[in-house]
Protein chains: 2
Amino acid sequence: MSRATLRDVAKLAGVSVATASKALNGQPQVRAQTRERVVRAAEQLSFSPNTLAQGLITQRSGTVGLLTSDLEGRFSIPILMGAEDAFGSDQTSVFLCDARGDAIREKHHLRALLSRRVDGLIVVGARPDTRLSLGELPVPVVYAYAPSDDPADLSLVTDNVGGGRLAIDHLIRCGRRRIAHITGDPGYSAAQDRARGAVERLAEDGLGLAGGEVWFGMWSEAWGRGATRMLLERTPEVDAIFAGSDEIARGVLDVLHEERIEVPSRVAVIGFDNWSVLAGNSRPPLTTIDLNLEHLGRIAAQRLSAAMDGEPAAGVETFPVRLITRESTAPLR
Amino acid sequence: MSRATLRDVAKLAGVSVATASKALNGQPQVRAQTRERVVRAAEQLSFSPNTLAQGLITQRSGTVGLLTSDLEGRFSIPILMGAEDAFGSDQTSVFLCDARGDAIREKHHLRALLSRRVDGLIVVGARPDTRLSLGELPVPVVYAYAPSDDPADLSLVTDNVGGGRLAIDHLIRCGRRRIAHITGDPGYSAAQDRARGAVERLAEDGLGLAGGEVWFGMWSEAWGRGATRMLLERTPEVDAIFAGSDEIARGVLDVLHEERIEVPSRVAVIGFDNWSVLAGNSRPPLTTIDLNLEHLGRIAAQRLSAAMDGEPAAGVETFPVRLITRESTAPLR
DNA sequence: CAGCGGGCCGAAAAGGTTTTCATAAACGTC
DNA sequence: GACGTTTATGAAAACCTTTTCGGCCCGCTG
């Protein structure tokens with residue numbers, strides 16, 4: 001397979017490159033018969049237009065950069081998939097860059113992307129906390145998951161407060177009244193926000209947290225186990241546990257199981273993240289909150305497209321999360 | 001931030017574009033003082049060369065395509081990271097395309113990538129089974145994880161047979177003699193290969209599988225649990241279980257725990273994949289086999305670079321896996 | 001029949017860079 | 001002072017495509 005250029009096509013079809021171009025691009029000022037000849041020539045040579053050259057004259061490369069901080073983390077991927085999906089592959093291709101959480105590497109990638117004349121940039125953070133703005137750039141940028149610290153930028157984030165509310169709301173609807181909250185690192189805004197949503201929703205029903213306070217700790221199964229043991233000792237009458245992540249929820253379930261406490265009949269458990277390998281395979285399968293990240297990625301792509309078409313936006317947009325009901329929660333009978 | 005061209009830089013420095021180009025690219029035939037002037041002008045305008053234009057004349061776009069079949073799957077990501085890492089970001093950027101296992105979409109992406117004049121292609125499959133070759137293309141291709149069915153292509157795969165051997169070898173060294181193997185879907189070559197390696201290694205010590213045969217099933221915790229229950233009923237004297245994946249291993253551990261069978265003192269358990277969220281958080285943490293996928297990705301990038309520089313390769317290269325020792329295995333005392 | 005408008009087509013410029021080749025200047029040698 | 005050499009610079013072509021604009025031919029109108 002070689003590399004045919006438009007010149008070759010034109011020559012084979014017996015026309016000029018100008019008409020060949022117009023014929024292939026569906027411009028009207030070319031006779032049907034001529035167009036036909038050109039199209040056939042193009043097929044015969046399996047011609048594919050050089051996007052670099054096109055980009056040079058149209059001043060649009062048809063590419064965007066996706067700058068992520070941690071690829072291995074599970075949050076970037078769905079966003080990335082949503083974004084990749086929303087840009088039709090024939091219209092726009094995405095450059096993937098993983099900065100590995102390193103500011104130097106990020107600068108590096110940024111330079112490279114601008115040199116490649118990307119039409120726009122999506123920046124997705126590793127955790128939902130505010131991150132430094134990239135500053136003024138010659139192309140539009142949208143921040144996803146982790147908002148920028150500059151309100152002049154456009155940031156798209158998930159509603160963690162709402163997620164906390166939603167979890168508690170569900171538990172209350174299940175008739176639970178003694179609800180505890182075990183969650184991760186208090187240094188994460190995600191942990192704080194979810195906890196705040198939970199407390200607020202409890203207060204609306206005149207309730208407080210079982211166990212007296214939020215159990216902050218780490219984002220791990222081990223912490224889920226440890227906290228649950230302590231909780232059971234201190235507050236054995238607990239009838240529901242809201243875990244700040246599915247990992248923690250797995251630890252919670254594990255200890256409940258070990259203690260022969262039935263889930264959901266005696267204690268209901270709800271997780272967070274809908275990380276399917278954890279939530280779907282647990283015993284029983286875990287009710288949890290889904291962050292809708294793929295949707296977030298799609299919206300990011302749309303907003304970016306709009307900005308590239310001259311309709312910029314700014315501020316922080318918050319997107320709702322949703323409840324995934326499985327078997328670890330059920331109404332008290 | 002605007003967009004300075006080389007012309008602007010040249011004008012500001014009071015030279016021609018030709019010398020400006022040479023100055024910035026470190027060509028020798030330019031006076032030090034002149035170079036200095038040009039460099040300063042470039043900085044002042046924060047000039048960044050248009051890679052599209054460069055690619056047009058050098059006939060190298062400095063980009064490669066990464067065509068994956070399932071992004072959400074956990075196997076593509078490490079490979080992708082390794083590859084992205086091996087191409088220095090300033091040299092080569094990678095276009096990410098997820099075909100979602102759909103042949104049509106793959107064709108689509110392929111056309112787009114070729115149109116973008118990528119210098120090469122890495123194709124990473126969703127599962128280690130042989131996949132269809134893309135056929136003859138104008139750029140070099142390397143297949144990673146899933147080998148191509150065409151021996152004229154270059155494929156890079158992990159050594160599943162060796163992985164099976166390694167797992168059993170470790171268990172034997174721990175003094176275990178009654179070893180069972182519970183694994184996933186027999187339709188996966190990965191399952192077959194790992195089982196084969198296991199059986200071979202056992203035979204070398206004159207052993208057979210405890211439980212009489214390989215327990216094929218599904219790649220899920222639930223199957224791990226179910227199979228373990230059946231196994232314990234049939235062969236209660238088992239002293240080690242080799243699970244075909246970490247998910248399965250989690251199910252195995254779960255049932256052993258439930259049955260109050262101590263791990264590793266009475267039964268040792270080894271997993272496969274080193275999926276850290278599962279293997280690292282289990283009780284006890286899981287000894288397992290790591291596929292070294294990031295390394296595979298790096299090698300893929302290297303082989304591709306070599307091919308782009310005119311040193312093509314063909315055939316299937318198999319890469320060793322490695323044992324990750326945690327606490328679910330230990331010598332019998 | 002002159003003039004005119006419309007339909008098709010091609011020549012040429014543009015986009016930003018690299019590279020080749022010619023030119024100019026400076027220098028050293030006899 | 002003439003000539004060959006080296007060194008530094010610039011003009012122009014090339015990469016591939018799109019788009020503008022001018023030209024040609026045709027048929028139609030007056």
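What's counted below: heavy atoms across the whole structure, side chains too, no hydrogens, waters or symmetry copies. First the proteins, then the strands, lettered A, B, ... as listed; each starts at 1.
Set against D:dT18, C:dG15, C:dC9, the side chain of A:Lys22 has C:dC9 as its closest nucleotide. Proximity note for B:Ser16 (side chain, C-beta onward) versus D:dC16, C:dG10, D:dA11: the nearest is D:dA11. Listed nucleotides D:dG10, C:dA12, D:dT18 differ in distance to A:Asn25; the shortest reach to its side chain belongs to D:dT18.
When each of B:Ala53 and B:Gly14 is assigned the nucleotide of DNA chain D with its nearest heavy atom, B:Gly14 is the one assigned upstream, toward the 5' end. Annotation: of the two residues near DNA chain C, A:Val15 and B:Phe47, the 5′-most nearest-nucleotide partner is A:Val15.
Here B:Arg31 reaches the OP1 or OP2 of D:dT9: one of its side-chain N or O atoms lies under 4.0 Å away. Here A:Thr19 reaches the OP1 or OP2 of C:dG10: one of its side-chain N or O atoms lies under 4.0 Å away. When the side-chain nitrogen and oxygen atoms of B:Gln27 are compared with OP1 and OP2 of C:dT19, one or more of them lie within a distance under 4.0 Å.
Separating the CG atom of A:Leu52 from the P atom of D:dT17 is a distance of 10 Å, rounded to the nearest angstrom. To the nearest angstrom, P of C:dG16 lies 9 Å from CZ of A:Arg117. The interatomic distance linking B:Gln29 (CD) with C:dC21 (C1') rounds to 12 Å, in whole Å. In this structure, CG of A:Leu56 is placed 12 Å from P of D:dT18, rounded to the nearest angstrom. At whole-Å resolution of the value, CZ in B:Arg3 and P in C:dG15 are 15 Å apart. Here C:dG15 presents its P atom at 12 Å from CG of B:Asn50, a figure rounded to the nearest Å. For the pair B:Arg60 CZ and C:dT19 P, the interatomic distance rounds to 13 Å; values are reported in whole Å. The distance between atom CD of A:Glu36 and atom C1' of C:dC8, rounded to the nearest whole Å, is 17 Å.
Within the 4.0 angstrom heavy-atom criterion, only backbone atoms of the sugar-phosphate kind lie near B:Gln54; the bases stay farther away. If you check every strand for non-hydrogen atoms under 4.0 Å, A:Thr34 touches sugar and phosphate atoms only. Across all strands shown, A:Ser21 has heavy atoms under 4.0 Å from base atoms, whether or not it also approaches the sugar-phosphate. Residue-level contact check: B:Thr51 touches neither bases nor backbone, having no heavy atom under 4.0 Å from any strand.
Electrostatic pairing of A:Arg100 and B:Glu84 counts as a salt bridge here, judged by a charged N lying under 4.0 Å from a carboxylate O.
Under the 3.5 Å distance criterion, with hydrogens and angles disregarded, a donor-acceptor pair is assigned to the side chains of A:Arg116 and B:Ser93. Checking A:Arg117 against B:Ser48 by side-chain atom types alone, a donor-acceptor pair falls below 3.5 Å.
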- Item | Stepwise side chain to side chain donor-acceptor pair (under 3.5 Å) check, A:Asp149 with A:Thr130 | CA-CA 6 Å; A:Asp149 62 351; A:Thr130 300; over 6 Å; no
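The number of heavy-atom neighbours closer than 6.0 Å to CD of B:Glu317, taken from other residues, nucleotides and ligands shown, is above 12.
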